[in-house]
Visitor: 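Quick one: this structure, given as structure tokens, is what I'll be asking you about.
One is the number of the first residue; the rest follow in order along the sequence. Here the structure is a predicted model, which is why all the values come from computation and not from measurement.
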Amino acid sequence: MEFWPEFLASSWGREFIAGGFGGMAGVFAGHPLDTLKIRLQQPKVTALARPPPSALGLLKNIVKTEGPLALYRGMAPPLASVALQNAVAFQVYAILSRAFDGNYKKNEPPSYKSVALAGIGAGTIQTAILTPVELVKIRLQVNTARKPTSSSDKIGPIKEAKGIIEREGLKGLYRGLGITVLRDAPAHGVYFWTYEYSREWLHPGCRKSAEESLLTMLTAGGCAGVASWVVCYPLDVVKSRLQGQGDASPKYSGIVDCFKKSVQEEGLAVLWRGLGTAVSRAFLVNGAIFSAYELALRCFFPETPDQVLNAAG
């Protein structure tokens with residue numbers, strides 16, 4: 001039997017492809033708000049700098065001074081890789097949620113405990129793809145001072161990545177890997193647990209029947225995104241600052257140093273700066289991700305694995 005039909009017939013192919021669709025839907029839905037979040041999280045340039053604007057004020061300023069397309073700056077790196085990243089995350093989650101469930105039965109949903117543990121595993125593994133992508137994206141999003149004088153002078157994701165490699169080597173693309181793992185491992189545990197619990201609460205029995213409505217998918221996915229961001233947000237602020245700083249004369253030497261200096265200079269509130277934008281984006285993006293994921297499973301793989309294998313044979 002050929003590989004492709006067999007691959008699609010297993011949970012591997014189904015979860016992998018549906019996860020890719022979900023990831024791309026999330027990027028399109030939330031990148032403008034992500035740009036606002038990253039800008040809000042950056043440190044003040046000088047001690048005399050004005051306090052950070054509100055999200056709405058920043059939005060108006062970006063559109064006025066840089067144009068509306070600036071909100072989509074840096075979207076190419078996550079869009080180009082997010083299909084693979086989410087495909088890996090959802091596939092690893094599907095495998096581990098069953099592996100961790102000692103009482104797992106083929107036609108029964110995995111336990112909530114195994115869901116949380118699988119989410120932690122999936123969040124850890126996908127950082128290998130996510131770290132360089134977010135590094136390039138953040139550099140592009142915060143690079144507002146430099147005005148290109150010609151089309152050849154514009155900095156895009158490929159040029160930015162090449163510059164990082166030339167200055168720091170390949171390891172430079174993985175600056176912030178440690179803080180990304182610390183952020184994403186527990187956040188994904190909360191993420192998948194919240195989604196499964198919410199969808200079952202909104203539509204009892206849907207984890208087994210898969211008959212929930214689109215509204216349930218959107219709401220459960222949105223709740224999962226909000227819960228995961230609230231849990232990890234201070235770590236995300238530190239991560240954004242570490243990855244957003246220039247490599248020539250970095251302000252922060254590491255995770256602890258960044259945390260201490262940020263709090264000393266701007267107070268504890270800095271660790272929650274941009275949270276409102278982040279959770280708004282999280283609800284929108286993750287509602288889109290899970291809805292696209294669930295709909296892709298139903299549209300492209302309506303049959304059971306055995307039926308797919310029989311049809312392919």
Side-chain angles (χ1 to χ4, degrees), residues 11-34 37 78-79 81-98 109-112 114-123 125-126 129-130 183-233 236 278-302:
S11 68
W12 289 72
R14 294 157 59 90
E15 306 286 348
F16 189 89
I17 294 175
F21 275 97
M24 288 187 286
V27 173
F28 278 113
H31 194 78
L33 287 174
D34 183 65
K37 175 180 73 73
L79 187 61
S81 62
V82 78
L84 176 61
Q85 172 203 329
N86 276 270
V88 169
F90 275 89
Q91 185 56 69
V92 171
Y93 164 73
I95 295 171
L96 294 182
S97 63
R98 289 158 177 75
S111 67
Y112 289 121
S114 63
V115 162
L117 291 173
I120 293 172
I125 292 173
Q126 57 97 43
I129 302 171
L130 182 65
R183 181 195 71 169
D184 282 13
H188 274 69
V190 172
Y191 181 64
F192 283 106
W193 183 92
T194 302
Y195 175 70
E196 293 294 342
Y197 184 87
S198 297
R199 66 189 288 232
E200 185 68 18
W201 183 77
L202 291 167
H203 190 130
C206 71
R207 294 185 71 217
K208 185 174 181 179
S209 67
E211 294 179 351
E212 69 267 40
S213 65
L214 177 60
L215 180 59
T216 295
M217 298 176 195
L218 289 168
T219 304
C223 290
V226 170
S228 64
W229 272 107
V230 170
V231 167
C232 75
Y233 197 76
D236 185 66
V279 296
S280 298
R281 172 187 173 274
F283 191 91
L284 178 67
V285 168
N286 292 286
I289 287 176
F290 274 108
S291 295
Y293 168 77
E294 297 285 1
L295 291 174
L297 284 177
R298 290 156 175 72
C299 291
F300 296 116
F301 312 108

Visitor: Show the numbers, then the answer: is there a side-chain contact (heavy atoms from CB on, under 4.5 Å) between Arg14 and Leu297?
Guide: CA-CA 7 Å; Arg14 294 157 59 90; Leu297 284 177; 4.0 Å; yes
Visitor: State, with a plain yes or no, whether a side-chain heavy atom of Val285 is found less than 4.5 Å away from one of His31.
Guide: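 A side-chain contact under 4.5 Å is absent here.
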Visitor: With a cut-off of 6.0 Å (strictly less than), are more than 12 heavy atoms of other residues, nucleotides or ligands near CZ of Phe28?
Guide: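 Atom CZ in Phe28 is not crowded, with 12 or fewer foreign heavy atoms closer than 6.0 Å.
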Visitor: Answer yes or no: is there a side-chain heavy-atom contact under 4.5 Å between Leu214 and Ser291?
Guide: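 In contact.
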Visitor: Measuring centre to centre across the rings, with the benzene-like ring taken for any Trp, is Phe90 within less than 6.0 Å of Phe192?
Guide: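 Yes.
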Visitor: Does Val82 reach the side chain of Met24, with side-chain heavy atoms less than 4.5 Å apart?
Guide: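 Yes; the side chains approach each other to less than 4.5 Å.
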Visitor: Is there a side-chain contact (heavy atoms from CB on, under 4.5 Å) between Arg199 and Glu294 once you walk through the steps?
Guide: CA-CA 12 Å; Arg199 66 189 288 232; Glu294 297 285 1; 3.9 Å; yes
Visitor: Can Gln126 and Asp184 be said to form a side-chain contact (heavy atoms from CB on, under 4.5 Å), step by step?
Guide: CA-CA 9 Å; Gln126 57 97 43; Asp184 282 13; 2.8 Å; yes
Visitor: Please determine if Lys208 and Glu196 form a salt bridge, counting it only when a charged side-chain N lies under 4.0 Å from a carboxylate O.
Guide: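 No.
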Visitor: Measure up the Phe290 and Tyr195 rings against each other and bin them: parallel (under 30°), tilted (30 to 60°), perpendicular (over 60°).
Guide: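 If you compare the ring of Phe290 with that of Tyr195, the planes turn out parallel.
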Visitor: How far does CD1 of Ile289 sit from CG of Leu284, to the nearest 0.5 angstrom?
Guide: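 Between atom CD1 of Ile289 and atom CG of Leu284 there are 10.0 Å.
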Visitor: Kindly compute the distance separating CH2 (Trp193) from CG (Leu117), expressed to the nearest 0.5 Å.
Guide: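 Going from CH2 on Trp193 over to CG on Leu117, the span is 13.0 Å.
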Visitor: Considering only heavy atoms from C-beta outward, does the side chain of Val115 approach that of Tyr93 to under 4.5 Å?
Guide: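 Yes, side chains in contact.
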Visitor: Quick one: CZ on Phe16 to CG on Leu84, what's the gap to the nearest 0.5 Å?
Guide: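 Separation between the atoms: 5.5 Å.
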Visitor: To the nearest 0.5 Å, what is the distance between OG (Ser213) and NE2 (His203)?
Guide: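 Result: 7.5 Å between the selected atoms.
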Visitor: Does NZ or CZ of Arg207 come closer than 6.0 Å to the centre of the six-membered ring of Tyr197, within 45° of the ring's axis?
Guide: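 No, Arg207 and Tyr197 do not form such a contact.
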Visitor: Please report the closest heavy-atom contact between Lys37 and Ala278, naming both atoms and the distance.
Guide: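 Heavy atoms only, the tightest pair is CD-CB, 3.5 Å.
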Visitor: Show which side-chain atoms of residues 218-232 pair as donor or acceptor with protein atoms under 3.5 Å away, not counting sequence neighbours.
Guide:
from   : atom 1 : to     : atom 2 : distance (Å)
Thr219 : OG1    : Leu215 : O      : 2.8
Ser228 : OG     : Ala224 : O      : 3.2
Ser228 : OG     : Gly225 : O      : 2.9

Visitor: I need the Asn286 CG to Met217 CE distance, nearest 0.5 Å.
Guide: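 Going from CG on Asn286 over to CE on Met217, the span is 15.0 Å.
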Visitor: If you look at every heavy atom in Ser114 and Ser111, which pair is closest and at what distance?
Guide: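 Minimum heavy-atom contact is OG-O, 2.8 Å.
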Visitor: What do the steps show when you test Glu200 against Glu212 for side-chain contact (heavy atoms from CB on, under 4.5 Å), and what is the final call?
Guide: CA-CA 9 Å; Glu200 185 68 18; Glu212 69 267 40; over 6 Å; no
